[in-house]
Amino acid sequence: MSGLNNLNKVLRLGGQTGKAPSGGSTIPTAALPEWLKEGAVCIYTSQSRGDSHRVKVKALEERKQTVLFTFEADKRVWKRVSYMEAKGGSGALRPAWKENLQVAGCEGPPPEMLAQMKQARAAEASAAAAAPKPTAPEPRPQAAASAKAAPAATTEVSDDDDVEAVGGPPAKARKLA
């Protein structure tokens, strides 16, 4: 049973036990980049959410092979990152001058296209202003008065045995013989 517990621990920690790697594959603190030193302000990028945060390096722990840092937004929050994640400058911990990584893309349409779009909008606006506006005919007062006075006509529709009234007050259904 203890073998399974050890296996679960290794799986839960992702193969990292918090100890320095065995076999002499430790990275000396001197081999880290010059921007990675105690007191340096860096950028931490969360692997799960992708958020970037400004952090301050508190300690370089050679024995644990980790970098301990606190977040500038809340100094009580701290995190450790392995030397391997911080070593290249493109991992979770980056120098402050790499804060905004630019993604390939464009800023918008080229200036020639912007000019064409502006001209098209101006032409549409001038055409809309020059066009005569249609006016709706006014309702005739006689037609409105006669519609109020006369009751609606009822039309009967027969569907085999049922008779239904369409338009006007409901009619009683009767059987046709």
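Positions are given from 1, in the same order as the sequence printed here.
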Problem set entry | Residue pair E72 / V41, side-chain heavy-atom distance below 4.5 Å | yes
Exercise. Are V77 and V81 joined in one hydrophobic group, where the rule is that I, L, V, M, F, W and Y side chains link up if heavy atoms are under 4.5 Å apart?
Worked result: yes
For this session: Search all heavy atoms of A86 against all heavy atoms of P33 and return the closest pair with its distance.
Result: O-CG, 4.3 Å
Problem set entry | Linked hydrophobic residues, M113 as query - side chain contacts closer than 4.5 Å | M117
For this session: Measure the shortest side-chain to side-chain distance between V67 and R80 over non-hydrogen atoms and say whether it is less than 4.5 angstrom.
Result: no
Seminar exercise, completed: Residues at least two apart in sequence or cross-chain that pass side chain to side chain contact (heavy atoms under 4.5 Å, CB included) with P111, listed by chain then number, are none
Problem set entry | For A59, side chain to side chain contact (heavy atoms under 4.5 Å, CB included) partners two or more places apart | E61, L68
Exercise. Just wondering, do L36 and Y83 contact through their side chains at under 4.5 Å, heavy atoms?
Worked result: no
For this session: Not counting sequence neighbours, list each pair that qualifies as a salt bridge (Lys or Arg N to Asp or Glu O under 4.0 Å) and has a residue in residues 108-118.
Result: none
Problem set entry | Residues forming a side chain to side chain donor-acceptor pair (under 3.5 Å) with R76, sequence neighbours excluded | D74
Exercise. Is the closest side-chain heavy-atom distance between V57 and C42 below 4.5 Å?
Worked result: yes
For this session: Identify, with sequence neighbours excluded, every residue that meets salt bridge (Lys or Arg N to Asp or Glu O under 4.0 Å) alongside E38.
Result: none
For this session: Please list, chain by chain and in numerical order, all residues satisfying salt bridge (Lys or Arg N to Asp or Glu O under 4.0 Å) with R49, sequence neighbours excluded.
Result: D51
Problem set entry | Results of side chain to side chain contact (heavy atoms under 4.5 Å, CB included) for A31 - residues two or more places apart only | I27, P28
For this session: Only pairs at least two apart or in different chains count here, so list each ring pair (Phe, Tyr, Trp, His ring centres under 6.0 Å) that has a residue in residues 56-76.
Result: Y44-F69, Y44-F71, H53-F71, F69-F71
For this session: To the nearest 0.5 angstrom, please state how far the CD atom of Q65 sits from the OG1 atom of T26.
Result: 5.0 Å
For this session: Scan residues 110-129 for pairs that pass ring pair (Phe, Tyr, Trp, His ring centres under 6.0 Å), counting only residues two or more places apart or in two chains.
Result: none
For this session: Mind checking side chain to side chain donor-acceptor pair (under 3.5 Å) for S48 and listing every partner two or more places apart, or none if nothing turns up?
Result: S46
Exercise. Any side-chain donor paired with an acceptor under 3.5 Å for E62 and T29?
Worked result: yes
For this session: Answer yes if M84 and L32 sit in the same cluster of Ile, Leu, Val, Met, Phe, Trp and Tyr residues linked by side chain heavy atoms under 4.5 Å apart, and no otherwise.
Result: yes
For this session: For Q47, check side chain to side chain contact (heavy atoms under 4.5 Å, CB included) against everything at least two apart and list the hits.
Result: E85, A92
